[in-house]
Amino acid sequence: MEETEEKTIELEEGMECVQKGLNKLKIIIEGEPESFTSDEYVMLYTTIYNMCTQKAPHDYSQQLYDKYKEAVEDYILTIVLPSLNKKHDEFLLKELEKRWASHKLMVKWLLKFFRYLDKFFIKRAEVPALNEVGLSCFRDLVYHDVKNRVTDAVIALIDQEREGEKIDRVLLKSVINLYIDMGKGRMDYYVNDFEEAMLRDSACHYSRKASTWIVEDSCPEYMLKAEECLQKEKDRVSHYLHSSTETKLLEKMQNQVLITYTNQLLEKEDSGCRALLKDEKVEDLTRMYSLFHKFPKGIELVAEIFKQHVAAEGMVVVQQAADVANNKTESSGGSHEQDFVKKAFELHDKYMVYVKGCFADNSIFHKALKEAFEVFCNKSVAGSSTAELLASYCDNTLKKGGSEQLSDEVIEDTLEKVVKLVTYISDKDVFAEFYRKKLSRRLLFDRSANEEHERLILSKLKQQCGGQFTSKMEGMVTDLSLVKDNQTHFQEYISNNPATNPGIDMTVTVLTTGFWPSYKSCDLSLPVEMAKGVESFKEFYQKKTKHRKLTWIFSLGQCNLNGKFEQKTIELILGTYQAAALLLFNASDKRSYADIKTELNLADDDLVRVLASVSCAKYKILNKEPSSRTVSLTDHFEFNSQFTDKMRRIRVPLPPVDDRKKMVEEVGKDRRYAIDACLVRIMKAKKVLTHQQLILECVEQLSKMFKPDAKAIK
């Protein structure tokens, strides 16, 4: 065999071959209908490969590396830049898009031809990769030359789109991506050369727009435009801007359109936030929250206007109740007190819908609603406090034969609303006292419609106001639940001890002193029939409990007597005082006021009420001399045997006693004790405090139940 030696390629010969290939590549890239044949491709690749792998001094890797860069630069300088310099505006962008695509195609081809260099030489020589060289050439020679013109052209197109014109979004996206490509994924070129200028232009654009809108448009119209622009800017980001721009772009737009004109927009006289609330424009209010909820200044102003509006609406309700009371008229559905509470419920329901719907359950608006209700719920309504009215409303709802027949669900909902309003009143202790008084009447006189409802409202009050608030009331309900067992044991005692049987049906309710309101007790001289029953129960109770003392509150008792009149016998339902007075007439048909007082040992104010109820009111069971509408100390009374009534069973009520003043005094007394206890508690814990700190601490601790007067604390 004949051995052949591979021919060495000289530099000049090799470069001539490479140059031919590069020239053809330029023609192909410029769009001529030519392509490399497989032989041409192999020839060019092999020549470059051999020139790189020949032994020194014929290793021309460095020269080929330089040739690569020279080829790229030559293409840019002779073809790319001249074509770009001829174009402007959108045509410039289209040309740039085309030239960037051509450049990437050229580099792709060159990488195939110079593959050996890229794979081995750049690592050995520690020089930039060929791809990087190609990018650097384009960046240094093209990008830096045209970037300002390109940025202006892009911004101009964006502005055209903002004015409603159609633009080529695909082109924009392609050109804007070029800024990112120049940084090889880093955002420096995008931010510094494009984004900053675009944001400045956006701010100017929306500043001009907003200054016109604020003068020409109503608040809802302005907000619609702002919302529309906001959405369009988001669309721009999704279509051709980088996602990192969204926050900055929206911030610029919102600063100019919303923040700059916050007060002016929200307080527009006929269409601002107040007008929207007044006209119940739910959709517009929702939009207002959506636009302003991220800006503390804006959302706080909306919340403040909302609070003022609700408070004003509440004051109207207060005034309406006062007007009705002053005119002594009753609107449908109950008295002015009932009306006020119902309207307060309606107001709360209405604006809670706003808070949860329009204002997305934001805590700022919950606070605003609370503060608004605190404004008018702590005003006097026709001489009564809201605390009293709520207690009366509860009583009306929970007692038998209340103003309306309500289902269990409605009652539970109503009680929930009552408890909510209780949290808004500052004098919670006043509510507690009045509620306790009315609860006692419902429980003692069997007027409570449903024990479950009584316990339900107590559990809700306990949840909102704490265990201390309801402990006495819960004790009252518990006392009443024990009455049945107690009575059963008493009946068993009488059965086992016949001598103690009083001869009358008698039920005793034992109350725990600390739980119940304070009641006036007196040493009533009971008729024999009743006295025996009292003594029997005393004996029974002393055997059952060794260390408890019974105090009899006869004013709370109830008796059923048979009145034997000439026409018919009528069952009379009376208070214990009334029954004791009438039983005296079994011994004598006629008695003087002085006699009755001596026999019963009753105070004048109590006795006058008792005798007025049976001689001057609807049921004249006794005839009085002289006949008049009031009882005096010199009057005489005679059993009215001619008395009759169409009913066989009648309840004879006592004239009501206005004990409101007494209850308010009791609350005042309890407050003094609470302040004393609080001061001692604080000083025990803190040991040393300044006078001012002590007062502040005391006010803070007691404000959950009432607002203590600084003078009272001192």
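All heavy atoms count here, side chains included; hydrogens, waters and symmetry mates do not. Heads up: numbering here begins at 1 and tracks the sequence. No experiment lies behind these values; they were computed from the predicted model shown.
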Trainee: Under a 4.0 Å N-O cut-off, is there an ion pair linking E283 with R287?
Mentor: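 Yes, charged N to carboxylate O under 4.0 Å.
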Trainee: Would you please name every residue forming a ring-ring contact (aromatic ring centres under 6.0 Å, His included) with H309, sequence neighbours left out?
Mentor: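 H309 satisfies ring-ring contact (aromatic ring centres under 6.0 Å, His included) with Y351 only.
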Trainee: Inspect the surroundings of NZ in K462 and state if more than 12 heavy atoms from other residues, nucleotides or ligands are less than 6.0 Å away.
Mentor: no
Trainee: Heavy-atom count check: over 12 atoms from other residues, nucleotides or ligands less than 6.0 Å from K297 NZ?
Mentor: yes
Trainee: So, K234 and E246, do they make that salt bridge, N to O below 4.0 Å?
Mentor: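 Looking at E246 together with K234, the answer is no, because their closest N to O distance does not fall below 4.0 Å.
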Trainee: Any donor-acceptor pair under 3.5 Å linking the side-chain atoms of D361 with those of H366?
Mentor: yes
Trainee: Closer than 4.0 angstrom, basic N to acidic O: yes or no for K147 and D193?
Mentor: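 So K147 pairs with D193 through a salt bridge.
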Trainee: What I want to check is whether the side chains of N362 and Y289 have a donor and an acceptor closer together than 3.5 Å.
Mentor: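 Their side chains do contain a donor-acceptor pair, which is all the 3.5 Å distance test asks for.
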Trainee: Apply side-chain contact (heavy atoms from CB on, under 4.5 Å) to residues E267 and C273 and explain how you reach the verdict.
Mentor: CA-CA 6 Å; E267 294 180 350; C273 188; over 6 Å; no
Trainee: Please list, chain by chain and in numerical order, all residues satisfying ring-ring contact (aromatic ring centres under 6.0 Å, His included) with Y261, sequence neighbours excluded.
Mentor: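 Y261 satisfies ring-ring contact (aromatic ring centres under 6.0 Å, His included) with no residue once adjacent residues are dropped.
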Trainee: Can we say E416 and K420 salt-bridge, meaning some charged N sits less than 4.0 Å from an Asp/Glu carboxylate O?
Mentor: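 Result for this pair is no, no salt bridge flagged.
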Trainee: In Å and rounded to the nearest 0.5 Å, what is the CG to SG distance from D74 to C137?
Mentor: 11.0 Å
Trainee: Taking only residues two or more places apart in sequence or in another chain, which ones pass ring-ring contact (aromatic ring centres under 6.0 Å, His included) with W100?
Mentor: H103, F138
Trainee: Nearest 0.5 angstrom please: R99 CZ to M106 CE, how far?
Mentor: 11.5 Å
Trainee: Does K281 come within less than 4.0 Å of D279, counting only side-chain N to carboxylate O?
Mentor: no
Trainee: Quick one: pull up CG in L141 and CG in L84 and give me the separation to the nearest 0.5 Å.
Mentor: 11.5 Å
Trainee: Supply the atom-to-atom distance I364 CD1 to L369 CG, rounded to the nearest 0.5 angstrom.
Mentor: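 It comes to 14.0 Å.
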Trainee: Distance check, rounded to the nearest 0.5 Å: T260 atom OG1 versus L265 atom CG?
Mentor: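 The distance works out to 11.5 Å.
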Trainee: Indicate whether any N or O donor in one side chain lies under 3.5 Å from an N or O acceptor in the other, for T245 and Y190.
Mentor: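 There is such a pair between these side chains.
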Trainee: Crowded around Q463 CD? As in, over 12 foreign heavy atoms under 6.0 Å?
Mentor: no
Trainee: Taking R274 first and then E269, would you say they form a salt bridge - that is, a charged N and a carboxylate O separated by under 4.0 Å?
Mentor: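 Salt bridge absent between R274 and E269.
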Trainee: For residues 154-168, run the donor-acceptor check on the side chains, cut-off 3.5 Å, and write out each pair with its distance to 0.1 Å, sequence neighbours left out.
Mentor:
from : atom 1 : to   : atom 2 : distance (Å)
D159 : OD1    : R162 : NH1    : 3.4
E161 : OE1    : R236 : NE     : 2.9
E161 : OE1    : Y240 : OH     : 2.6
E161 : OE2    : R169 : NE     : 2.7
E161 : OE2    : R169 : NH2    : 3.0
R162 : NE     : E233 : OE2    : 2.9
R162 : NH1    : S202 : OG     : 3.2
R162 : NH2    : S202 : OG     : 2.8
R162 : NH2    : E233 : OE1    : 3.2
R162 : NH2    : E233 : OE2    : 3.4
E163 : OE1    : K209 : NZ     : 3.4
D168 : OD1    : V170 : N      : 3.2
D168 : OD1    : L171 : N      : 3.0

Trainee: Any chance you could measure M253, atom CE, to I259, atom CD1, to the nearest 0.5 Å?
Mentor: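 Atom-to-atom, M253:CE and I259:CD1 are 11.0 Å apart.
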Trainee: Among pairs that include at least one residue of residues 214-235, which meet ring-ring contact (aromatic ring centres under 6.0 Å, His included), considering only residues two or more places apart or in two chains?
Mentor: W213-Y222
Trainee: Taking atom NZ of K350 as the centre, does the number of heavy atoms from other residues, nucleotides or ligands within less than 6.0 Å exceed 12?
Mentor: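 Atom NZ in K350 is crowded, with more than 12 foreign heavy atoms closer than 6.0 Å.
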Trainee: Tell me whether the rings of Y179 and Y143 are parallel (<30°), tilted (30 to 60°) or perpendicular (>60°).
Mentor: perpendicular
Trainee: Using the test ring-ring contact (aromatic ring centres under 6.0 Å, His included), find all partners of F376 that sit at least two apart in sequence or belong to another chain.
Mentor: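 With neighbours one apart ignored, the set is F373.
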Trainee: Tell me, please, which residues at least two apart from A203 pass side-chain contact (heavy atoms from CB on, under 4.5 Å).
Mentor: K252, Q256
Trainee: By side-chain contact (heavy atoms from CB on, under 4.5 Å), which residues pair with N148, not counting sequence neighbours?
Mentor: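 If we apply the side-chain contact (heavy atoms from CB on, under 4.5 Å) test to N148, skipping adjacent residues, there are no hits.
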Trainee: Using the test side-chain hydrogen bond (donor to acceptor under 3.5 Å, both in side chains), find all partners of H88 that sit at least two apart in sequence or belong to another chain.
Mentor: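 Testing H88 for side-chain hydrogen bond (donor to acceptor under 3.5 Å, both in side chains), a comparison that skips the adjacent residues, returns none.
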Trainee: Going by an N to O cut-off under 4.0 Å, is there a salt bridge joining K67 and E70?
Mentor: yes
Trainee: Checking D349 now: which residues fulfil side-chain contact (heavy atoms from CB on, under 4.5 Å) with it, not counting sequence neighbours?
Mentor: K417
Trainee: Using the side-chain contact (heavy atoms from CB on, under 4.5 Å) criterion, which residues pair with K307? Sequence neighbours excluded.
Mentor: E304, A368, E371, A372
Trainee: Can you name the side-chain hydrogen bond (donor to acceptor under 3.5 Å, both in side chains) partners of D201, sequence neighbours left out?
Mentor: none
